[in-house]
Amino acid sequence: MTRICRFSFVVLPNIPANAKWAQNGVTVAGGNEKGSSTNQLDNPLGIFVDEDLTIVIADPSNNRIIQWKKDDTTGQIVAGGNGQGNQLDQLNDPTDVLVDKETDSFIICDPRNQRVVRWSRHSSTTQGEILIDNIVCWGLAMDEQRYLYVSDVVNHEVRRYKLGDTNGILVAGGNGLGADLNQFNEPKYLFVDRQQNVYVSDWNNQRVMKWSKDAKDGIVIAGGQGQGTDLAQFSFPQGLFVDTLGTLYVADQWNDRVMRWPQGTSQGTVILGGSGFGPEANKTSDPTGLSFDRQGNLYVVDHYNHRVQRFSLE
């Protein structure tokens, strides 16, 4: 059994330290080759799994956000899908999405339009509104106080925003491109815990960083040993998740695997994939987004297989 903590508007299972997952995934979104139909995805990236097991996916090459309800065979376009562009009814290569329960809306990274936008979840919605402008964002997270955290891959920083504030407060990085402990090299996805610690996949530095609240420097909690296939290394880390034990889970993109790093360890273990690139049920090809549901089942965005796979907790 898993104990549930709910914060950051995600359901957070307490996963046993020795947990194992089925090695064959079940396709729960896409998987019908690359395309733009509502039963297809095209190089998907970020993911949000809602409490009712609705999966919300950033589908960048289709310039849309699409959601798949539990057991559906087709998705529903909930934002964008009106061609590539910068109008309020359009998106341009969205990279991440989350659900804000308070306003019943989607918050979306729209980097090529240099903005973060919000779209109501109401079925009558035809366009979004700009929350933050002039930012090449990539990843999003929200804490219990409903502060929004956004990574910026051009300024190599993470900022925290009170909704309605367009400037934000620097909480990580912001010291230019680099590999020092106060720097990033293309920060991608984010996770924020209940103490407002910020976890960042530092993509081009091959590491995951943890920044405590009000810290001037981060600490390396995984990777940081150069690009490679060893258990202490990553090859471009992407989506990440931290459970109630402080265990880190990371989509290790170019190594085609998902890794688990218990708190305080110097190397991780491979929990999924790692057997090469391919379309089989036990493989992931360039995994990007990553999340869990309330039962501890793992959802992986299988980027080059144009699908989302669910791996059941055993």
Exercise for review: Determine, stepwise, if the pair Tyr161 / Ile135 fulfils side-chain contact (heavy atoms from CB on, under 4.5 Å).
Suggested key: CA-CA 13 Å; Tyr161 297 83; Ile135 181 172; 3.8 Å; yes
Point to revise | Evaluation steps, side-chain contact (heavy atoms from CB on, under 4.5 Å), between Leu313 and Leu298 | key: CA-CA 7 Å; Leu313 180 65; Leu298 174 57; over 6 Å; no
Practice item. Test Thr126 against Asp89 for side-chain contact (heavy atoms from CB on, under 4.5 Å), laying out the working first. Key: CA-CA 6 Å; Thr126 59; Asp89 66 343; 5.8 Å; no
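Just one of Val192, Val150, Leu190, Ile108 meets the side-chain contact (heavy atoms from CB on, under 4.5 Å) condition when paired with Leu140; it is Val150. Checking each of Tyr189, Phe236, Trp138 against Trp203 for a ring-ring contact (aromatic ring centres under 6.0 Å, His included) leaves exactly one that passes, namely Phe236.
The aromatic rings of Trp21 and Phe292 are tilted relative to each other, their planes meeting at an angle between 30° and 60°.
Checked against the 6.0 Å centroid criterion, the rings of Trp261 and Phe234 qualify as a close aromatic pair. Residues Phe241 and Phe191 bring their aromatic ring centres within 6.0 Å.
The closest side-chain heavy-atom distance from Asn92 to Asn63 is below 4.5 Å. Looking only at side-chain heavy atoms (C-beta outward), Leu181 and Val220 come within less than 4.5 Å of each other. Between Asp180 and Asn175 the shortest side-chain heavy-atom distance does not fall below 4.5 Å. The side-chain heavy atoms of Asn185 and Asp202, taken from C-beta on, include a pair separated by under 4.5 Å. Proximity of Val158 to Trp211: side-chain heavy atoms (C-beta onward) are nowhere separated by under 4.5 Å. Side-chain atoms of Thr166 and Asp133, non-hydrogen and from C-beta on, never get closer than 4.5 Å to each other. Put simply, the side chain of Asp214 does not reach to within 4.5 Å of the side chain of Gln196, judged on heavy atoms. By the 4.5 Å heavy-atom criterion applied to side chains, Met142 and Asp100 are counted as neighbours.
Remark: side-chain polar atoms of Gln90 are paired, donor with acceptor, to backbone N or O of Asn82 under 3.5 angstrom. A donor-acceptor contact shorter than 3.5 Å is absent between the side chain of Asp230 and the backbone of Ala232. Side-chain N or O atoms of Arg159 include one that pairs as donor or acceptor with a backbone N or O of Gly168 at under 3.5 Å. Judged purely by atom type and a 3.5 angstrom limit, Ser201 has no side-chain atom pairing as donor or acceptor with the backbone of Gly239. In this structure, the side chain of Ser285 does not engage the main chain of Tyr304 through any donor-acceptor pair within 3.5 Å. Judged by distance alone, the side chain of Gln233 and the main-chain N or O of Gln225 form a donor-acceptor pair under 3.5 Å. Side-chain N or O atoms of Asn205 include none that pairs as donor or acceptor with a backbone N or O of Arg207 at under 3.5 Å. Counting only distance, with no hydrogens or angles, the side chain of Asn134 and the backbone of Gln114 share no donor-acceptor pair below 3.5 Å. Checking side-chain atoms of Gln40 against main-chain N and O of Asn32 turns up a donor-acceptor pair under 3.5 Å. Between the side chain of Asp50 and the backbone N or O of Thr54, no donor-acceptor pair lies under 3.5 Å.
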Show me the donor-acceptor pairs within less than 3.5 Å that the side chains of residues 277-284 make with the rest of the protein, sequence neighbours left out.
from   : atom 1 : to     : atom 2 : distance (Å)
Thr284 : OG1    : Asp256 : O      : 3.3

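Note on Tyr249 and Leu245: separate hydrophobic clusters, where clusters join Ile, Leu, Val, Met, Phe, Trp and Tyr whose side-chain heavy atoms are under 4.5 Å apart, directly or indirectly. Ile130 and Phe106 fall within the same hydrophobic cluster, defined by Ile, Leu, Val, Met, Phe, Trp and Tyr side-chain heavy atoms under 4.5 Å apart, directly or through other members.
Note: His156 NE2 to Asn204 CG = 9.0 Å, rounded to the nearest 0.5 Å. Here the straight-line distance linking atom CG of Asn255 with atom CG of Asp286 works out to 10.0 Å at 0.5 Å rounding. Distance CG/Leu41 to OG/Ser61: 10.5 Å, rounded to 0.5 Å. Between the CG atom of Asn305 and the CG atom of Asn43 there is a distance of 10.0 Å, given to the nearest 0.5 Å. Taking CD from Gln295 and CG from Leu53, the interatomic distance works out to 6.0 Å, rounded to the nearest 0.5 Å. The CZ atom of Phe48 sits 10.0 Å away from the CD1 atom of Ile107 when rounded to the nearest 0.5 Å.
More than 12 heavy atoms of other residues, nucleotides or ligands lie within 6.0 Å of CG in Leu177, so this atom counts as buried by the packing criterion. Around the CD atom of Gln127, the shell of radius 6.0 Å holds more than 12 heavy atoms that belong to other residues, nucleotides or ligands. The neighbour count for Arg121 CZ, taken as heavy atoms of other residues, nucleotides or ligands under 6.0 Å away, is above 12.
Contact detail for Pro44 and Pro60: the closest heavy-atom pair is CA-CD, 3.9 Å. Between Ile132 and Asp165, the shortest heavy-atom distance links the atoms CG1-O, 4.5 Å. Pairing each heavy atom of Val270 with each of Leu272, the nearest pair is CG1-O, 3.5 Å. Minimum heavy-atom separation, Arg64 to Ser36: NH1-O, 2.8 Å. Heavy atoms only, all atoms of each residue included: Trp254 and Gln227 are closest at CE3-NE2, 3.7 Å. Minimum heavy-atom separation, Asn86 to Arg115: O-NH1, 3.0 Å.
There is a side-chain donor-acceptor pair under 3.5 Å between Gln309 and Thr27.
A salt bridge is absent between Asp143 and Lys213: the closest approach of a Lys/Arg side-chain nitrogen to an acidic carboxylate oxygen does not fall below 4.0 angstrom.
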